[in-house]
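Remarks on the structure that follows.
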Protein chains: 2
Amino acid sequence: MKVKDDGQGHSGDAAELAEGERPTLKTIAFMAGLGVTTVSRALKDAPEIGQATKNRVQLIAKQIGYRPNRAGVRLRTGKTNVISLVLNAQSSIMGLTSNMVYGISEVLSQTPYHLTVTPYSLENDPMQPIRYIVETGSADGIIMSRTEPDDPRVRYLTEHGIPFATHGRTEMGIDHPFHDFDNEAFAYLSVKSLLARGRRRIAMLAGPSPAVTYYRHLDRGFSRGIEEGNAVAALFSGIDVDTSLGRIRDRMEEIMSGPNRPDGIVCCTGGAAIALVAGIEAAGLKIGEDVDLVSKQSTDVLKWFRPQIIVFNEDVRHAGRELARAVLRRIAGVDARELQSLSYPDENEPR
Amino acid sequence: MKVKDDGQGHSGDAAELAEGERPTLKTIAFMAGLGVTTVSRALKDAPEIGQATKNRVQLIAKQIGYRPNRAGVRLRTGKTNVISLVLNAQSSIMGLTSNMVYGISEVLSQTPYHLTVTPYSLENDPMQPIRYIVETGSADGIIMSRTEPDDPRVRYLTEHGIPFATHGRTEMGIDHPFHDFDNEAFAYLSVKSLLARGRRRIAMLAGPSPAVTYYRHLDRGFSRGIEEGNAVAALFSGIDVDTSLGRIRDRMEEIMSGPNRPDGIVCCTGGAAIALVAGIEAAGLKIGEDVDLVSKQSTDVLKWFRPQIIVFNEDVRHAGRELARAVLRRIAGVDARELQSLSYPDENEPR
DNA sequence: TAACTGATTATAAAGGTTTTTATATTCATC
DNA sequence: GATGAATATAAAAACCTTTATAATCAGTTA
C-alpha cells in the first residue's frame, strides 16, 4: 500500500483514521492508498476504474460506513436530492395530509431523496412558497395540491423548467404530471346510488370554490347523474367543503328544516359529512329514512360511523405514491404525458 | 467603482451580470467592486464592515434577489438548517400528523430552517431513522413522538449530542426538551365526568402498549379517578388504541353484549371512539343511556359527531409549535430543563 | 520619525464532492 | 523498437460560503 501525503491534511494523516468525525472520500482514499478521484469514481461504478479497485474501495466504504456528504454533492452537482410537498394548512381534516406524506415517503425512502413539507395558509398567496423554492433552489421537484383550472403555479414552474406533479388536474393546455381522483365519477356514482335508493331531490356540498379544478369535476358528474336520473338538483348555498364544520352544521340544520329540503346528499369529505349529519339530526330528520347521504372519505373512519352513510374511498396514500413516482420520473426526463394518472372511486362494502 | 478581475471567472466578468443563474456572493462582489469576504460580512452585519459599505451591499443584494446558497453554507459551517420530524406512519388517523406538521412549520417559517419528514412503520426499528439522520448528519435537530419510558432514541441522541425534542415524556433520568399532553389529567377528568353522570363500572381503551410512556399516564389518572370515586374498573382485554378500527368495533360489540359490561368508557383518540360507538350500538345499547363515552380528540370532528360523546381536546398544532420552539432553543444552547412543557385537557363545551 | 491605533477591506484556505484534463502504464500492432 | 491505442489512476478546478489572517490607510501617540 502506497502512502501518500499531499500536505493537505492539517492533522497528520495517521490521525485521519482515528477521528471521530464522519468519513469522507479522503478517508477512503487514504486507506486505500488512492486518490479521491479514483475513489469517487469507484463508488459510482464508473467504467474507467478497474474491477479490482472498485471492489476494494467499495468494501472499505461499507466497512467504515461511508455516506456521501449531501452538502458536497449538492454544491458540486446542483442537485438537492429534495422533493418538496407544498400544501395548504387548512383543508386537511381527517388525515388527508398524513396519508399523502406517508405515500410520498414510502417511495422516496427507496431513493436518496428527502421530503420537505412547506405548508401555506389559505390567506396567503399560494405562489409564495413556490417562488421561494425556485428562487432558493431548495428542491429538485415539487408536489402540490388544490390545483386550479388556470393555475399560476403550474405556469410558473413550467416556465422555469422545474419538475413537479400536481394532485389534481388543470385546464390550461400545459402537459404536466398529475395524479387525480376521478371526482366526476365519484359525484356521478354518488347520485346514482341515491337514485337507486329512490331519492329524487338531490343536493351536493360544493367543492372548494370554483377556482379549484375538482369543484368542476364534481359539478359535472353531479349534473350528469341528475340529468340521467331525471332528478331535481337542490343546491346548498352559503357553504362549501372549506367552510368550518360548525357553520356547515348550522346551515344544514336550517336547510333541512326548510320547505325544499333534499332527500339525498352528496359530500366530498368525511369531516364535512359528519357535520352534515349533525345538522340533519338537529333538524329532527333521520339518515336512511328521511334522507340519504353519500360521502367520499380518505381514512376509513366513516366506515364505522353511525348512522351508516354511503361511502366512497379515495386512497390518498396511493395518490402520494403515484405523485412521488411521477416527480422522480419527471426529474429523470420522462415525458410529462406519461406521468398522468387517475384513480377511481371505490365503494366501501357496507358493513 | 473599482473593477477588479481576479482571473477566477471562467466567463468574462462582464457576462457575470447577465447570467440567468442565481446570484452569488461573487456576483454582488463584482457589482459592488468589493471582495466576496467583505460582501459576506456586510450581509450578516459583521462589526468589521463600515456602515456605508453595508448599506450599499445590502441594497444590491436585495435588488438582485440574492439568497445564500444552502449547500455552500452547509458545507462550510456544518449546519444543515434542517429540522427532521420522525414519526410512525400508522398511529395518525384523524389529523394528528397534519396538525403536528403545521404547528412546526408555523414556527420554522420564521427562521431559515426547513422541515423534513421521516416516517417509519411500526414493524421497523424506530432507531433506524434516527441513526440514519445522525450518521448522515442530515438535520440539526429532531422532533419525535411515541416516547417510551426508557427510550433508546433519547439515549442515543443524548450521547451523540444531537438536539431533539420529544412529544411525550421519558422516565430515564435524562433531561431533554419535551412537550406533552397531560394524559394523566385527561384520564382522571374523564373518569370524574363519568362519575358525575352516575356511572360506576368504568373502562378505558388502553394506550398503545405499556412501552409508550403515555400509556402509563393514562393508567395512573384512570386508577386515581376510579379509586377516588370508589368505582369499579372494567378492563378491556385484547384491544388498545393501536388496534385496527374494525377489530376495536368487533371486540367492543362482544364486550358490550357480555355480562360485566361497563357503563362508562374512556378513550384516547377520536378514531377509536367512533369504532367504539359502532360496537356499542351494534350490541344494541345507547350512548347517553346505557353507557357514556369520553374521548380525547385532536381535530374538532368529534364535536359534531352523533351521538354526542364527552370530548376533551388536545391541541396538537400547539404541541407542534412548542416542540419546534424547543428544538430551536436547544440548538441555540438553552438548557434542556427550560424546554419542557405540558398542556392540559380542555373540555369542549357541549353542543 | 517610527511605531501604534482603529477602521476598513483583501487574501487565502477550508469544507466534500464531481468533472475536466492530464499523466503513467500496459498491450497490441506494424 | 517505435507508434498508437486502450487502460488505470492522479491532479486540479469548480461549486459557494465562512473564517483566520494579512494588508492598507488614516490619524495618533511616543
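Proteins get letters first, then strands, A, B, ... in listed order; numbering begins at 1 in each.
Taking only side-chain nitrogens and oxygens, B:Lys44 comes nearer than 4.0 Å to OP1 or OP2 of D:dT18. Between D:dC16 and B:Tyr66, no contact under 4.0 Å exists linking OP1 or OP2 to a side-chain N or O. For D:dT17, neither phosphate oxygen OP1 nor OP2 lies less than 4.0 angstrom from any side-chain nitrogen or oxygen of B:Thr77.
Counted by atom type alone, A:Asp140 and A:Thr80 present one or more donor-acceptor pairs between their side chains at under 3.5 Å. A donor and an acceptor atom, one from each side chain of A:His114 and B:Ser138, are nowhere located under 3.5 Å apart. Checked by atom type, the side-chain pair B:Thr170/B:Thr147 shows no donor-acceptor distance below 3.5 Å.
When ring centroids are compared, B:Phe164 and B:His176 come within the 6.0 Å threshold.
Here the nucleotide nearest the side chain of B:Leu34, chosen from C:dA10, D:dA14, D:dT17, is C:dA10. Which of D:dA13, D:dC16, C:dT9 sits closest to the side chain of B:Glu48 comes down to C:dT9. The side chain of B:Pro68 sits closest to D:dT17 out of C:dT17, D:dT17, C:dG16. The nucleotide whose nearest atom lies closest to any side-chain atom of A:Arg41 is, among C:dG16, C:dT20, C:dT18, C:dT20. Considering only the side chain of A:Thr53, D:dT9 comes nearest among C:dA10, C:dT17, D:dT9.
Residue A:Ser40 is in base contact, counting any heavy-atom pair closer than 4.0 Å across all strands shown.
The C1' atoms of five pairs define one axis at each end of the helix from C:dT1-D:dA30 to C:dC30-D:dG1, and these two axes lie 80° apart (to 10°).
Remark: the B:Thr37 side chain and the C:dA12 base include a donor-acceptor N/O pair separated by less than 3.5 Å.
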